[in-house]
Number of protein chains: 2
Amino acid sequence: MTDKIELTAEVKQMALIAKAMSHPVRLYILKKLSTMNACCYSGDLVEELPIGRSTLSQHLKELKFAGLIQGEIEPPYIKYCLNKENWAKARELFAQLFDNQNKGELKKLDL
Amino acid sequence: MTDKIELTAEVKQMALIAKAMSHPVRLYILKKLSTMNACCYSGDLVEELPIGRSTLSQHLKELKFAGLIQGEIEPPYIKYCLNKENWAKARELFAQLFDNQNKGELKKLDL
DNA sequence: AAATCATTTCGTTATTTTGCGAAATATAGA
DNA sequence: TCTATATTTCGCAAAATAACGAAATGATTT
């Protein structure tokens, strides 16, 4: 029996990030914050999204939990922005997954 | 009231892919197939992962459902490989999310 | 102090996910 | 045909997720 491995902290971290991205509404929010390079308010989002306020709040909480966004209190609003540091980390993790083919032993490309 | 938007098929598609990636075991499998640029058998995986056979089978099924892997029957085994076409599509979607800052209106970088 | 506004938390319900072991399937070899 | 092997499907239980409306919070204005 080849011994069991322990799933690394990195894999677990990335799975957490992927989970945060695994709902259309949350992905929409991330896409908006990222491509606009801007912040937004819960009130803006609830007007354009087909979900209720409390549901949206829950989604924002999950994005916060994953570290992808952060909320600045700006009474009476809360301004939500990307957490740039963690966003960069997430980008790195996904780039590593998608682009790091043939890590370790180089593939011979002589066809 | 700014009118409600419809979440695009693209966002929904990507959420589906993110969901497939949202479990450490599934991410481990994808990472293995991608970085090794190789295929593997369910039996190989069950020996190194801390889960049972039926549970692993379920995870493989989900990865297949999301289109990220495919299984070739190679009796008595089933050889699992990345679905390269869809993998490339996934890479593109994530790259777009992470790298396409300021789509549309170019940001003025004059600080 | 009372009313208002943006947002969150609570309580609930329905659905999905994760995990397991047992049973089923399918193929190859004796 | 019987047995062994690799893997999946089934049936189940526990936990997590998604959604809602009602109530609570916290800050500002009247």
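What's counted below: heavy atoms across the whole structure, side chains too, no hydrogens, waters or symmetry copies. All chains are named by letter (A, B, ...) in the order of the sequence lines, taking the proteins before the strands, and each is independently numbered beginning at 1.
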Original post:
Of all nucleotides in DNA chain C with an atom under 4.0 Å from a non-hydrogen atom of chain B, which is the first and which the last going 5' to 3'?
Top reply: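 Reading along DNA chain C, I get C/dT17 to C/dA28.
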
**OP:** Please tell me which of the listed nucleotides, D/dA18, D/dT7, D/dA22, lies nearest to the side chain of A/R26?
**Re:** D/dA18

**OP:** From the options D/dT28, D/dA19, D/dT9, select the nucleotide whose nearest atom is closest to the side chain of B/K61.
**Re:** D/dT9

Within the structure shown, what part of the strands sits under 4.0 Å from [X] by heavy-atom distance: base, sugar-phosphate, or nothing?
X     : result
A/S57 : base
A/E62 : sugar-phosphate
B/S42 : sugar-phosphate
B/I51 : sugar-phosphate

Original post:
Can you find a pair of side-chain heavy atoms, one from A/F98 and one from B/L30, that are under 4.5 Å apart?
Top reply: no

Subject >> Side chains of A/L27 and B/Q13 in contact at under 4.5 Å (non-hydrogen atoms) >> reply: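 No; the side chains remain at least 4.5 Å from each other.
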
Going from [atom1] on [X] to [atom2] on [Y], what distance comes out if it is rounded to the nearest 0.5 angstrom?
X     : Y     : atom1 : atom2 : answer
A/I29 : A/E48 : CD1   : CD    : 9.0 Å
B/Y28 : A/I5  : OH    : CD1   : 3.5 Å
A/M14 : A/K19 : CE    : NZ    : 15.0 Å

Nucleotide [N], atom [atom2] - distance to [atom1] of [X] in whole Å:
X     : N      : atom1 : atom2 : answer
B/L56 : D/dA6  : CG    : P     : 14 Å
B/Y77 : D/dT5  : OH    : P     : 11 Å
A/I73 : D/dG26 : CD1   : C1'   : 9 Å
B/Q58 : D/dA15 : CD    : P     : 19 Å
B/E72 : D/dT7  : CD    : P     : 14 Å
A/L49 : D/dA19 : CG    : P     : 11 Å

Original post:
Can you check side chain to side chain contact (heavy atoms under 4.5 Å, CB included) on B/L45 and B/L60, steps first, answer last?
Top reply: CA-CA 10 Å; B/L45 291 170; B/L60 290 169; 4.3 Å; yes

**OP:** Please tell me which of A/P50 and A/P75 maps to the more 5' nucleotide of DNA chain D, matching each residue to the nucleotide holding its nearest heavy atom.
**Re:**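 Looking at the nearest nucleotide for each, A/P50 comes out on the 5' side.
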
Subject >> Below 4.0 Å: OP1/OP2 of D/dA22 and any side-chain N or O of A/R53 >> reply: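 For D/dA22, OP1/OP2 do not have a side-chain N/O of A/R53 under 4.0 Å.
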
Original post:
With respect to the phosphate group of D/dT17, does any side-chain polar atom (N or O) of A/H59 fall under 4.0 Å of OP1 or OP2?
Top reply: no

Subject >> DNA chain C: 5'-proximal contact among B/K19 and A/L60 (nearest heavy atom) >> reply: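 Nearest nucleotide further toward 5': that of A/L60.
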
Original post:
How are the rings of B/Y41 and B/Y77 set relative to one another: parallel (under 30°), tilted (30 to 60°) or perpendicular (over 60°)?
Top reply: tilted

